[in-house]
S.K.: 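Have a look at the structure that comes next, please.
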Amino acid sequence: MTTTDTTAGTATATDPALTSAALALGDDALVLAQRLGEWAGNAPVLEEEVALANIALDLLGQARVLLSLAGDEDELAFLREERAFRNVQLVEQPNGDFAHTIARQLYFSTYQRLLYAALAAGDTPLAGLAAKAVKEVAYHQDHAEHWTLRLGDGTEESHRRMRTACEALWRYTGELFQPLDGLGLDTTALEAAWLDSVTAVLTRAGLPVPSGSRTGAWRAGAGRQGLHTEHFGRLLAEMQHLHRSHPGATW
Amino acid sequence: MSSDTWPLWEVFVRSRRGLSHTHAGSLHAPDAEMALRNARDLYTRRMEGVSLWVVPSASITASSPDEKDPFFEPAADKPYRHPTFYEIPEGVKHL
Amino acid sequence: MTAGTAGTAVTAEAPGTHAADAAAQAAREAVFDAAVAADERIEPRDWMPEAYRASLVRQIAQHAHSEIIGMQPEANWITRAPSLRRKAILMAKVQDEAGHGLYLYSAAETLGVSRDELLDKLHTGRQKYSSIFNYPTLTWADVGAIGWLVDGAAITNQVPLCRCSYGPYARAMVRVCKEESFHQRQGYEALLALSRGTEAQHAMAQDAVDRWWWPSLMMFGPPDDESTHTAQAMAWKIKRHTNDELRQRFVDIAVPQAEALGLTLPDPDLKWNEERGHYDFGPIDWAEFWDVLKGDGPCNDQRITTRRQAHEDGAWVREAAAAYARKHTGQPGEAQA
């Protein structure tokens with residue numbers, strides 16, 4: 001097994017805007033990998049143990065490359081506090097039931113695929129990394145879409161759970177399209193494509209497209225501004241505790 | 001069979017061009033698309049496969065054992081016959 | 001009557017009589033016994049004694065159950081791994097264990113049982129799993145100790161099974177063994193980093209080894225003179241070595257490994273015996289072994305409850321997928337590569 005020690009290709013850590021963007025994208029991937037790791041041993045069927053772990057491992061691999069562009073991956077992961085993390089709030093939401101996890105993945109992977117495809121086609125130093133990642137996240141999106149169909153159009157219970165999940169997480173999806181300096185992306189176009197894609201899948205699954213707001217009302221901001229939900233502190237406490245208990249140790 | 005039972009599928013992998021598909025094992029999936037994806041996750045995690053086939057186990061018709069001994073019972077074909085050919089990975093001794 | 005080679009059996013009995021049935025049965029057994037004796041593989045469509053089939057179902061199923069229950073003590077540390085690299089390695093290892101469970105359930109299913117039946121037996125305590133997983137992972141170092149000792153013991157057990165008489169089980173074991181060696185190496189490396197690290201890390205590693213050594217030796221099962229299944233299992237080549245043989249092999253390999261780790265093993269009687277050419281080791285507390293096996297270990301309840309809960313919580317998901325499949329059977333555009 002390779003632990004995805006891929007190099008970042010031609011990416012450099014010298015441009016501060018790019019570094020900052022890489023950190024934000026890396027935080028997204030890290031936090032979602034952490035959440036998916038909680039499913040190990042608890043998945044609804046053995047085959048999903050393997051599938052969810054695949055997604056988590058891909059995301060963790062992406063996180064490690066992205067964080068490494070901004071500094072030492074472990075220092076960044078284990079020694080920053082809540083307000084310094086720049087992941088979107090969507091990825092830190094608790095797993096909930098399987099429908100909740102799938103809805104989160106549907107929204108996030110659809111976004112990630114569009115994001116990486118755009119970056120891969122661009123000329124930032126992240127292009128190489130993005131080209132590799134786009135293949136991974138295309139698979140994550142495929143997995144989420146397949147489950148969205150099966151849960152939305154399965155039983156009454158699965159439909160109800162999926163509908164609840166899609167609605168509950170809708171308010172976190174606007175933040176995905178806040179522009180990140182240094183990436184040079186047309187986030188308006190990304191968002192339109194995302195809406196088209198998600199709408200199509202939900203409709204095929206017989207699920208209503210949620211109609212509520214896609215951003216919160218707090219003008220101070222959200223995840224990208226280091227303002228997280230209360231869940232996040234607990235996630236970090238669990239993730240960081242052991243590392244912090246042994247300052248300077250190597251593992 | 002209960003309402004949450006997923007049927008069994010047999011998985012065949014062609015690990016590179018020029019070879020034929022070989023039987024890799026089985027798994028449970030609710031339908032063909034999920035079977036293919038589950039097979040990809042389980043049998044190509046280390047990029048061992050290029051092409052995957054999945055077949056419902058119930059669709060496989062198996063021949064009787066090679067021995068023509070008339071004293072073997074003509075039991076109903078079970079879809080569990082696995083071919084004897086299996087690609088042995090490098091480094092595993094005593095096979 | 002002769003039960004000959006290559007399918008030319010002859011009988012003097014009239015077909016349909018009781019004597020003919022008995023002769024037929026004897027012929028089948030002779031072919032089966034000859035195949036096993038010749039180290040040929042028994043395949044799913046071959047005739048086999050019912051006791052052989054039942055024994056295999058039990059052994060393979062319990063092996064599969066061990067893999068999936070074994071995910072729990074290690075998954076316990078995924079969210080708390082002390083570095084991103086260690087987190088990735090541990091996630092991959094636990095994923096492999098799910099995969100091994102899948103390979104083994106698949107092998108068991110060739111014998112005419114369903115995975116659902118086997119899981120039901122696990123959940124209701126009618127089939128067991130390796131007792132080692134009834135111990136808790138109390139520190140990060142436990143993860144390393146499990147990799148080194150528990151996976152090490154499993155490998156010692158499993159490599160010979162790659163030559164067991166039943167084809168699907170042997171083939172599943174080949175796949176499992178290939179993946180397992182990375183598990184042991186990573187556990188060893190994790191312990192090495194701890195042993196050579198800070199005083200606190202070294203102490204953590206030593207404490208974990210002190211707790212996992214004896215249970216690892218118990219993984220090989222009771223002593224030969226108390227093991228009821230061994231003789232028959234060896235005759236059928238489902239088991240290729242005795243419990244004590246494998247246990248001794250494991251100790252002989254582990255002692256030098258412990259020395260290289262800079263860690264001690266919690267056995268004052270551990271000593272190289274020049275005459276025997278093996279390490280002597282101290283007495284195992286078999287009372288603990290039987291008690292834990294019976295259900296009184298630290299984690300027995302927790303392991304089964306967690307497993308059963310995951311299965312029950314997942315029922316609506318499995319039902320949804322099955323319902324969707326029923327609704328969409330035969331629709332165009334089904335399977336795309």
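Letters A, B, ... mirror the listed sequences (proteins, then strands); counts begin at 1.
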S.K.: Might you work through the side-chain contact (heavy atoms from CB on, under 4.5 Å) test for B:Arg37 and A:Asp142, ending with a clear yes or no?
M.R.: CA-CA 9 Å; B:Arg37 280 146 183 84; A:Asp142 175 82; 2.5 Å; yes
S.K.: Under the salt bridge (Lys or Arg N to Asp or Glu O under 4.0 Å) rule, collect the residues that match up with A:Arg104, sequence neighbours excluded.
M.R.: none
S.K.: For atom CZ of A:Arg204, is the number of surrounding heavy atoms from other residues, nucleotides or ligands below 6.0 Å larger than 12?
M.R.: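 12 or below, so no.
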S.K.: Kindly compute the distance separating CG (B:Asp31) from CZ (A:Arg150), expressed to the nearest 0.5 Å.
M.R.: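 It is 4.0 Å, given to the nearest 0.5 Å.
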S.K.: If you measure from CG on B:Asp41 to CD on A:Glu48, what distance do you get to the nearest 0.5 Å?
M.R.: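 Reported value, rounded in 0.5 Å steps: 8.0 Å.
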S.K.: Start with the C-alpha distance between B:Met34 and A:Glu47, add both sets of side-chain angles, then the distance that settles side-chain contact (heavy atoms from CB on, under 4.5 Å), and finish with yes or no.
M.R.: CA-CA 10 Å; B:Met34 296 302 276; A:Glu47 282 80 2; over 6 Å; no
S.K.: Restricting to salt bridge (Lys or Arg N to Asp or Glu O under 4.0 Å), what partner residues turn up for A:Asp27, sequence neighbours left out?
M.R.: A:Arg80
